[in-house]
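To start, the structure under review is shown below, and the notes come after it.
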Amino acid sequence: QVQLVASGGGLVQAGGSLRLSCAASGRIFSNYAMGWFRQPPGKEREFVAAIRWRGGSTYYADSVKGRFTISRDNTKNTVYLQMNRLKPEDTAVYYCAADPIASMSPAPNEYTYWGQGTQVTVSS
């Protein structure tokens, strides 16, 4: 079993930055991939970014490419999402998730384990 705890959300003005963290515990294996998703108000959950524990390869949604950076610290079993130049349309609940087969898929149903979500609000 894998447990994920997301943190770091908050209220920020447009153009500002936030860093989200996702602490993983339990049976996390080095061949997993970790993803960040978000769910804006009244909309479906959407892919943001993913990273493989092994090797660190990354994949981003077009909407955040160049502004967001996903990274991991293997010694702490923690994945980060550095969000810069935030826009009001980035407002959402952000979730981290774990994919045991490291498909790096943007589809939420490919991810088996989910954290509880952290709210990010960007004011204009």
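All figures in this text were calculated on a predicted structure; none of them were measured in a lab.
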Are the side chains of Arg52 and Met34 in contact, using a 4.5 Å heavy-atom criterion? no
Quick check: does any side chain N or O of Arg72 sit under 3.5 Å from a backbone N or O of Trp53, one acting as donor and the other as acceptor? yes
Establish, from distance only, whether the side-chain atoms of Ser123 and Gln13 form a donor-acceptor pair under 3.5 Å. no
Which distance, rounded to the nearest 0.5 Å, do you find between the OG of Ser17 and the CZ of Phe68? 9.5 Å
Just to verify, what does Arg54 make a salt bridge (Lys or Arg N to Asp or Glu O under 4.0 Å) with, not counting sequence neighbours? none
The reported gap from SG in Cys96 to CD in Gln116 (rounded to nearest 0.5 angstrom) is 7.0 Å
Could you go step by step and tell me if Thr112 and Asp99 meet the side-chain contact (heavy atoms from CB on, under 4.5 Å) rule? CA-CA 6 Å; Thr112 303; Asp99 169 18; 5.5 Å; no
Measure the spacing between CG of Asn77 and CD of Gln3 and express it to the nearest 0.5 Å. 11.5 Å
Any side-chain donor paired with an acceptor under 3.5 Å for Glu89 and Thr91? no
Quick one: are the ring centres of Phe37 and Phe47 less than 6.0 Å apart? yes
Shortest non-hydrogen separation from Ala14 to Pro88 and the atoms involved: CB-CD, 4.1 Å
Look at Lys65 together with Asp62 and state whether they make a salt bridge at an N to O cut-off of under 4.0 Å. yes
Using the rule that two of Ile, Leu, Val, Met, Phe, Trp, Tyr join whenever any of their side-chain heavy atoms come within less than 4.5 Å, decide whether Ile70 and Val2 are in one cluster. yes
Check: Ser71 and Gln82 side chains under 4.5 Å, non-hydrogen atoms: no
In Å and rounded to the nearest 0.5 Å, what is the CG to CZ distance from Leu81 to Arg38? 9.5 Å
Any side-chain donor paired with an acceptor under 3.5 Å for Asp73 and Thr78? no
Donor-acceptor contact present, side-chain Thr118 to main-chain Gly9, <3.5 Å: yes
Linked, directly or transitively: Tyr59 and Tyr32 (ILVMFWY side chains, under 4.5 Å): no
Report whether Tyr111 and Val93 are members of the same hydrophobic cluster (ILVMFWY, side-chain heavy atoms less than 4.5 Å apart, transitive linking). yes
So, applying side-chain contact (heavy atoms from CB on, under 4.5 Å) with Leu20, which one of Tyr95, Tyr80, Trp36 is it? Trp36
Taking Val48 as the starting point, is it possible to reach Met104 by hopping between hydrophobic residues whose side chains are less than 4.5 Å apart? no
Applying the 4.5 Å side-chain criterion to the ILVMFWY set and letting contacts propagate, would Met83 and Val12 be lumped into a single cluster? yes
